[in-house]
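Okay, structure first, notes after.
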There are 4 protein chains.
Amino acid sequence: MVIWRVDPPDGEPVFAQIVHSVKRAVATGRLKIGDRLPSVRELARELVINPNTIAKAFRALEAEGVTVSRRGAGTFVAERRVVVRADERRRRFRAALESVLADAVHLGLSEPEVRKLFDAALKRFRFDEGKREK
Amino acid sequence: MVIWRVDPPDGEPVFAQIVHSVKRAVATGRLKIGDRLPSVRELARELVINPNTIAKAFRALEAEGVTVSRRGAGTFVAERRVVVRADERRRRFRAALESVLADAVHLGLSEPEVRKLFDAALKRFRFDEGKREK
Amino acid sequence: MVIWRVDPPDGEPVFAQIVHSVKRAVATGRLKIGDRLPSVRELARELVINPNTIAKAFRALEAEGVTVSRRGAGTFVAERRVVVRADERRRRFRAALESVLADAVHLGLSEPEVRKLFDAALKRFRFDEGKREK
Amino acid sequence: MVIWRVDPPDGEPVFAQIVHSVKRAVATGRLKIGDRLPSVRELARELVINPNTIAKAFRALEAEGVTVSRRGAGTFVAERRVVVRADERRRRFRAALESVLADAVHLGLSEPEVRKLFDAALKRFRFDEGKREK
DNA sequence: GTGGTCTAGACCACA
DNA sequence: GTGGTCTAGACCACG
């Protein structure tokens with residue numbers, strides 16, 4: 001799977017698309033703890049995007065605890081550390097899921113189709129790793 | 001279930017929260033085809049939100065085909081009509097789902113927890129209705 | 001062809017749909033000069049529409065010179081009388097046509113398709129009658 | 001050809017006139033895919049119209065898929081993508097065309113005149129471009 | 001009464 | 001700089 005899924009006219013802000021790309025890559029194992037992300041300038045050149053936008057995305061990732069940046073060395077995938085209380089994280093997940101499911105209904109997807117796509121997606125994500133790996 | 005889940009400081013634009021509220025209510029059967037939504041002014045009073053903001057949400061809902069508005073009459077839940085191609089709607093759902101799952105991983109949810117919450121949520125949505133009902 | 005093409009949730013105001021129905025019927029010969037329209041109450045019952053809305057449409061038709069109403073007798077298709085200057089009517093037609101054609105392009109219709117639909121539609125309209133008929 | 005055909009007292013809402021202006025300009029090739037529209041504020045100044053009104057028109061254009069807007073960047077003519085089913089788009093075109101033709105009859109235009117104006121107008125529209133161009 | 005349009009002006013988010 | 005959101009308030013069009 002490709003890491004960078006960035007499409008400026010998509011509607012989602014470009015910096016958010018970068019944030020999502022990294023989070024998806026980490027959550028699916030495409031990026032592992034300790035892996036180094038490209039430098040801001042490098043990535044800006046590759047994706048043809050303003051470096052300020054990349055820098056903003058990286059700042060957001062660090063604020064969320066997904067990455068850590070070490071001066072002069074670069075940005076790295078961080079050890080996963082859970083900060084949110086159990087009920088709070090369930091609440092957030094449920095809310096996000098409900099929006100997605102409501103959209104699915106309005107898009108005209110059937111329940112079996114949704115179930116199938118969910119199962120398929122779920123397989124690609126690594127839930128119980130992160131705290132053990134390097 | 002309550003229909004209106006609106007919390008201005010939430011970060012998500014208020015009008016989008018209203019849009020989501022209605023889509024969720026329709027998708028879960030809390031609102032049925034032909035049902036009349038509260039009037040713009042009425043809802044504005046109830047939620048303590050500027051009427052223009054409500055009107056904007058209703059316009060967005062109409063543009064998405066979720067409702068129809070009639071001057072002098074009100075705003076109604078529309079017949080559900082599927083317009084998007086099958087592959088396109090799968091693509092959209094998959095993308096949205098992946099973001100939600102990536103967030104779940106980073107929130108520290110476990111796979112069984114996610115599965116359980118998904119199953120529970122799925123039960124509340126009505127996938128195969130809409131084209132027949134009143 | 002059916003005369004009354006009225007669909008409240010269509011977006012076009014209901015009274016305007018009635019006006020268009022009558023103008024279309026007259027222009028295609030479905031209604032002829034001197035023909036009597038249904039009474040306001042009769043039509044309101046038939047179309048399940050507020051009588052005020054019908055009355056408003058009939059007022060608009062009379063203002064445009066399409067119909068004449070005779071007290072106690074009803075509303076009748078009027079002798080066609082042209083009031084607009086030649087250049088003005090060409091200007092109006094051109095403007096309306098351009099909007100329709102622009103929409104056709106954005107809808108994805110092809111030029112031959114448009115040409116064909118135009119030719120087919122044109123055949124159904126009676127341009128050079130009206131001043132002669134009873 | 002001038003792009004902006006906006007006349008506030010015309011009866012048609014100002015924002016709709018702007019929408020039509022852009023659609024016409026794109027459909028006739030006056031604006032090409034990827035072209036940047038004037039900024040909201042710039043156009044507001046030029047047309048002496050409230051920026052919110054311009055913004056509303058641009059939002060409507062985006063909802064119809066004619067343009068894409070990017071925060072911080074501007075509003076651009078979108079790749080043309082056909083979403084509506086073939087029969088549906090024919091139905092819509094036919095309905096709009098019939099209203100225009102009925103009006104033409106009532107305006108007193110002759111059939112040859114209508115035909116001539118149609119042929120002339122048709123030449124100015126680009127039906128089969130859009131998916132390939134820059 | 002209903003929704004729709006337009007203006008004016010503040011403030012935010014993004015590139 | 002760009003577009004987006006929200007408020008406040010006037011006025012219009014429709015049923």
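In what follows, chains carry the letters A, B, and so on, assigned in the order in which the sequence lines appear, proteins first and then strands, with residues in each chain numbered from 1. Side-chain atoms are counted along with the backbone in the values below, which use heavy atoms only and exclude waters and symmetry mates. For clarity, every value in this text was computed on a predicted model and none was experimentally measured.
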Please report the distance, rounded to the nearest Å, between [atom1] in [X] and [atom2] in [N].
| X | N | atom1 | atom2 | answer |
| --- | --- | --- | --- | --- |
| Glu12(C) | dG15(F) | CD | P | 10 Å |
| Arg36(B) | dG15(F) | CZ | C1' | 12 Å |
| Arg71(B) | dC14(F) | CZ | P | 6 Å |
| Glu62(B) | dG4(E) | CD | P | 6 Å |
| Arg70(D) | dG1(F) | CZ | C1' | 15 Å |
| Lys56(D) | dC6(E) | NZ | P | 6 Å |
| Ile18(B) | dT7(F) | CD1 | P | 9 Å |
| Leu43(B) | dT2(E) | CG | P | 12 Å |

By the 4.0 Å heavy-atom rule, please label [X] as base, sugar-phosphate, or nothing.
| X | value |
| --- | --- |
| Phe15(B) | sugar-phosphate |
| Arg41(D) | base |
| Thr53(B) | base |
| Ile49(D) | sugar-phosphate |

Residue mapping more 5' on DNA chain F - nearest nucleotide basis, Ala16(C) or Ala73(D): Ala73(D)
Toward the 5' end of DNA chain F, by each residue's nearest nucleotide, Gly74(D) or Gly72(B): Gly74(D)
If you only use heavy atoms from C-beta on, which nucleotide in [options] is closest to the side chain of [X]?
| X | options | value |
| --- | --- | --- |
| Pro13(B) | dT5(F), dG3(F), dT5(E) | dT5(F) |
| Ser39(D) | dC14(E), dG3(E), dG3(F) | dG3(F) |
| Val14(B) | dG3(E), dG3(F), dC6(F) | dC6(F) |

Who pairs with dG3(F) - Watson-Crick or G-U, where each distance is under 3.5 Å: dC12(E)
Side chain to side chain contact (heavy atoms under 4.5 Å, CB included) partner of Arg5(D), the single match among Gln17(D), Arg24(D), His20(D): Arg24(D)
Base dA15(E) to side chain Asn52(A), donor-acceptor N/O within 3.5 Å cut-off: no
Sub-4.5 Å side-chain heavy-atom contact between Phe58(C) and Val19(C): no
Side-chain touch His106(A)/Val26(B), heavy atoms, less than 4.5 angstrom: yes
Closest approach of Val77(B) to Ile33(B) (non-hydrogen atoms, all atoms of both residues): CG1-CA, 3.7 Å
Carboxylate-amine/guanidinium proximity below 4.0 Å for Arg92(A) and Glu88(A): yes
